[in-house]
Each structure stands twice: as C-alpha cells, then as structure tokens.
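Written out below as structure tokens is the structure these notes cover.
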Amino acid sequence: DIAPSVAAVWVYRRLEQVYVQNALGETARTHHIRRAEAQRRWYMYDGKWGRYFVSSVNNLTTRHGESPWRVLVVSAVLVVTLAPMYLFEGLVVASQNQMVSLQTLTTAPVGTLTTALYFSAVTFVTLGTVEITAVGLSRGVAIFEAVLGVLMLSLLVFVLGRQTNR
C-alpha cells in the first residue's frame, strides 16, 4: 500500500526525467515543482517536520529552485522589513553628524526612513558604507542582514544556473 504522495513523487520524477531527455525544459520544470510539492506533502504526512520546514522555505524563497523572481521579491521584502529595525537603536550619519532613530522619525519621517532603507539595502548586498554607522543592537541586525544577503545572493546564482542548465 503506497501513499498517494509517494506515488506522485515517483511519477513526477519519472516525467521530469523524460521531459529533460527530450529537451522540453519548461514542462520538465513544471513537473519538478509538482514533484517537490508532492514530496513536501509526504514529509508532512510522514511527520518529518524538519524536512517539511526546509522544503517549505525552499518553496517560499525559490519555488523549489525554479524562480529567480521569487528570490528577488523575497530579498526586497527582507530589505524593506529590516530597515525600520535600525531605527530602534539608531544610525549615525557621519556627513551630517547626527543620529537617525525613532525620535527623528516624527520631525523628518521621509529622510529618516530613506536613510534606514538605504542602509538596509547597502548592508543586504554587503557593500557596506562609511557614511552611516549602526549603533548598539542595530549592529546585530546589520550582521544578520548581511548574512541573509549573502544567502539570498547565493540562492539567486543557484536558481539562475539551474535555469540555464535545463
């Protein structure tokens, strides 16, 4: 007695192989995603929660290795989400010799948010900047964001390489 998810995984894997061998990349990609989704359902059904979680994150961030656009959207969401976190402890803008934080949000909301967004984007792509410096716990957020940026860039390179390989 084979569970339907296990049978689906086998069928989709075989179909994916047939389509790859016959140079039907887009159809192979579709069956790869279907196989991965069936595998993810099987992990949940079988109680393999660690693998289910990893597969779910893979689906969310890369559509199982098939969507560079999803990687870019998730990256943009991370940058925009992490930007306001820098305002809790503050950022020091060296050129203006001033502190940007939640207190300056009421007096100059646009400048404060754009500074935080700029710092977040520069940190995410790990370029770094000398004109703006994180203070206190914001340094930890900056390190976390830089690590996420490296991981997301790696995922993007993987997905693009996978697409050109099919």
| Just by distance, do the side chain of D46 and the backbone of W42 share a donor-acceptor pair under 3.5 Å? | no
| said: Between S154 and V150 (side chain of the first, backbone of the second, donor and acceptor by atom type, cut-off under 3.5 Å), is there such a pair? | reply: yes
For residues 71-79, tabulate all N or O donor-acceptor pairs below 3.5 Å that involve a side-chain atom, not counting sequence neighbours.
residue, atom, partner, partner atom, Å
S75, OG, V71, O, 2.8

On a heavy-atom basis, which atom in [X] and which in [Y] lie closest, and how many Å separate them?
X    : Y    : answer
H64  : N59  : NE2-CB, 3.4 Å
G90  : S138 : O-OG, 3.6 Å
A116 : A83  : CB-O, 3.5 Å
R63  : S67  : CB-CB, 3.7 Å
T164 : G161 : OG1-O, 3.0 Å

| task | Return the set of residues passing side-chain hydrogen bond (donor to acceptor under 3.5 Å, both in side chains) with T123 (not counting sequence neighbours), or none when no residue passes. | result | none
| said: Just to verify, what does R40 make a side-chain hydrogen bond (donor to acceptor under 3.5 Å, both in side chains) with, not counting sequence neighbours? | reply: E37, S56
| request: Check the angle between the aromatic planes of W49 and Y52 and answer parallel, tilted or perpendicular using the 30° and 60° thresholds. | output: perpendicular
Nearest-0.5 Å distance, [atom1] of residue [X] to [atom2] of residue [Y]:
X    : Y    : atom1 : atom2 : value
Y12  : R34  : OH    : CZ    : 5.0 Å
R162 : L155 : CZ    : CG    : 12.5 Å
R139 : E89  : CZ    : CD    : 10.5 Å

Joint hydrophobic cluster, [X] plus [Y], side-chain heavy atoms closer than 4.5 Å:
X    : Y    : value
F144 : V125 : yes
Y19  : V11  : yes
I33  : V57  : no
V80  : V122 : yes
V9   : M44  : no

| said: Side chains of Y118 and E131, heavy atoms from C-beta outward: is any pair under 4.5 Å? | reply: yes
| field | Within 6.0 Å of CZ in R70, more than 12 heavy atoms from elsewhere | value | yes
| request: Let me see the working for L87 and L113 under side chain to side chain contact (heavy atoms under 4.5 Å, CB included), right down to the final yes or no. | output: CA-CA 8 Å; L87 299 178; L113 289 175; 3.9 Å; yes
| query | Mind checking what makes ring-ring contact (aromatic ring centres under 6.0 Å, His included) contact with F119, not counting sequence neighbours? | reply | Y86
| remark: Residues at least two apart in sequence or cross-chain that pass ring-ring contact (aromatic ring centres under 6.0 Å, His included) with W69, listed by chain then number, are none
| In chain order, what residues pass the salt bridge (charged side-chain N to carboxylate O under 4.0 Å, His left out) check against R35, with sequence neighbours excluded? | E16
| task | Report the C-alpha distance between Q163 and R29 in whole Å, list the side-chain angles of each, state the deciding distance to 0.1 Å, and finish with yes or no for side chain to side chain contact (heavy atoms under 4.5 Å, CB included). | result | CA-CA 9 Å; Q163 290 223 334; R29 189 173 292 121; 3.8 Å; yes
| Pair L148-L82, side chain to side chain contact (heavy atoms under 4.5 Å, CB included): steps then yes or no | CA-CA 11 Å; L148 282 177; L82 290 171; 4.2 Å; yes
| task | Check step by step if side chain to side chain contact (heavy atoms under 4.5 Å, CB included) holds for M152 and F124. | result | CA-CA 9 Å; M152 293 305 290; F124 190 81; 3.8 Å; yes
